[in-house]
Amino acid sequence: QDQNLTENQTFLDYSNTPMLYFYCKRSLPSYFCQNLQNTVDDYLQIEQLKRINTTKTPVVIFSNYPQNWWDKTDDVPNIMRQNIIAEHIYSNYKPYRVIDGHSIWIAKGANYKTSIVEVDTFINKPQNFHYKHSAVLLNKYFQKPGRLQEIEKLIPVLSNEKGCYHINVNKESGSSSLVMVKIELEYSAVPGQLSLELFSDSTFVGTTSFYTHKNELEYLIPISNHYLWHKMVVNSIYIDSQEGYKIKSLTFNKDIRDEY
């Protein structure tokens, strides 16, 4: 790395490997040494992003390779837990090489030289994110005015007799960052699960799922924290619902919080 970075440049550790700063003798672009483990809410994610830019921090240690427990502490992937940072990385950096068991990303536009040829193939595979019971809580939190800006509201069409719905997504919804989808049900008689399967034309992009609660009709989930969402344009979503659910609408919103 010393061949490509100046003395004043450093990297962002997104892999929960903070000792790399010591071994590489690079400064920390964060308040905490264990920055990812201590970035426990959205406010701290925003504060972290204020400390980095692609000029002074042109490299990201994105993950362990292959990924391990540190990439999904307590079975929650970093991409879900710190989704705002993840989407910032997608927008400003690109996968580069696998070096010493880590997936290294560099700033878009950078052109570093290395003899290493191994690349991260896992990042290009569709991911499955499960928000479990948090979708109903996210919906209540984001009800405060000024936190979301509506992009479009769609009425899904029942595509088969097994309760699978389908919608076509416009380009703005399917290519924006920090997109959250609000799902409204006609009724919810029993607890169950809903899964949103994302497609770019016929290419499967990934799945985002959550649990439903009895008598709760509105849910909200992040949807654009899939890397392939940023690499492609999602234009089609299938909603796999369990028997007894009727989906009333899906509303695409952009997270526009400025309270930080």
Side-chain angles (χ1 to χ4, degrees), residues 1 5 8-108 110 119-120 122-125 127-132 134 137-138 141 177-180 206 208 221-230 255 257 259-260:
Q1 66 154 0
L5 299 183
N8 295 325
Q9 290 179 321
T10 186
F11 57 86
L12 175 67
D13 173 40
Y14 194 69
S15 67
N16 273 316
T17 320
M19 284 299 293
L20 287 174
Y21 290 113
F22 171 78
Y23 293 127
C24 297
K25 295 180 172 59
R26 294 288 168 172
S27 61
L28 278 72
S30 56
Y31 184 81
F32 299 104
C33 174
Q34 296 174 300
N35 64 301
L36 205 62
Q37 293 181 29
N38 290 289
T39 306
V40 295
D41 60 16
D42 292 352
Y43 168 78
L44 291 173
Q45 290 191 69
I46 298 298
E47 288 300 304
Q48 172 65 82
L49 294 179
K50 291 177 181 178
R51 294 173 177 264
I52 65 172
N53 59 65
T54 55
T55 300
K56 293 185 177 181
T57 316
V59 173
V60 173
I61 314 298
F62 186 76
S63 69
N64 296 277
Y65 197 85
Q67 292 192 4
N68 58 34
W69 187 86
W70 294 106
D71 301 294
K72 49 181 179 180
T73 308
D74 298 328
D75 205 31
V76 180
N78 297 342
I79 294 172
M80 290 177 58
R81 190 191 302 271
Q82 289 93 11
N83 64 301
I84 298 175
I85 295 177
E87 294 205 43
H88 178 86
I89 294 171
Y90 299 156
S91 298
N92 294 278
Y93 298 85
K94 60 184 179 181
Y96 179 55
R97 295 289 191 277
V98 173
I99 302 176
D100 291 335
H102 289 84
S103 176
I104 310 299
W105 292 37
I106 62 175
K108 291 182 178 180
V119 296
D120 185 345
F122 177 79
I123 193 63
N124 288 308
K125 296 180 179 179
Q127 303 299 306
N128 299 310
F129 299 146
H130 203 303
Y131 282 86
K132 298 187 178 180
S134 64
L137 300 176
L138 285 169
Y141 168 77
S177 60
L178 299 178
V179 177
M180 306 191 75
T208 299
I221 51 171
I223 199 74
S224 58
N225 54 336
H226 293 265
Y227 170 64
L228 294 182
W229 176 287
H230 292 255
D255 181 353
R257 286 174 293 173
E259 55 216 63
Y260 301 137

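Just so you know, residue 1 is the first one in the sequence shown, and it goes up from there.
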Chemist: Using atom types as modelled and distance alone, determine if a side-chain donor or acceptor of Q48 lies under 3.5 Å from a backbone N or O of P29.
Modeler: yes
Chemist: For L44, give me all partners under side chain to side chain contact (heavy atoms under 4.5 Å, CB included), at least two apart in sequence or on another chain.
Modeler: T39, V40, D41
Chemist: Using a 3.5 Å distance criterion without hydrogens, assess whether the side chain of Q45 forms a donor-acceptor pair with backbone atoms of I84.
Modeler: yes
Chemist: Using a cut-off of 6.0 Å, state whether more than 12 heavy atoms not belonging to K94 lie near its atom NZ.
Modeler: yes
Chemist: Apply the ring-ring contact (aromatic ring centres under 6.0 Å, His included) test between Y227 and each candidate in F62, F122, W105; give the one that qualifies.
Modeler: W105
Chemist: Is there a donor in the side chain of H88 and an acceptor in the side chain of S177, or the other way round, less than 3.5 Å apart?
Modeler: no
Chemist: Among side-chain atoms of T73 and Q37, is any donor-acceptor pair under 3.5 angstrom?
Modeler: no
Chemist: Sequence neighbours excluded, which residues qualify as salt bridge (Lys or Arg N to Asp or Glu O under 4.0 Å) partners of D71?
Modeler: none
Chemist: Can you name the residues that form a ring pair (Phe, Tyr, Trp, His ring centres under 6.0 Å) with Y21, not counting sequence neighbours?
Modeler: F11
Chemist: Other residues, nucleotides and ligands only: do more than 12 of their heavy atoms fall within 6.0 Å of OH on Y31?
Modeler: no
Chemist: Which distance, rounded to the nearest 0.5 Å, do you find between the OG of S27 and the NZ of K56?
Modeler: 9.5 Å
Chemist: Do Q67 and N64 have side-chain N/O donor and acceptor atoms under 3.5 Å apart?
Modeler: no
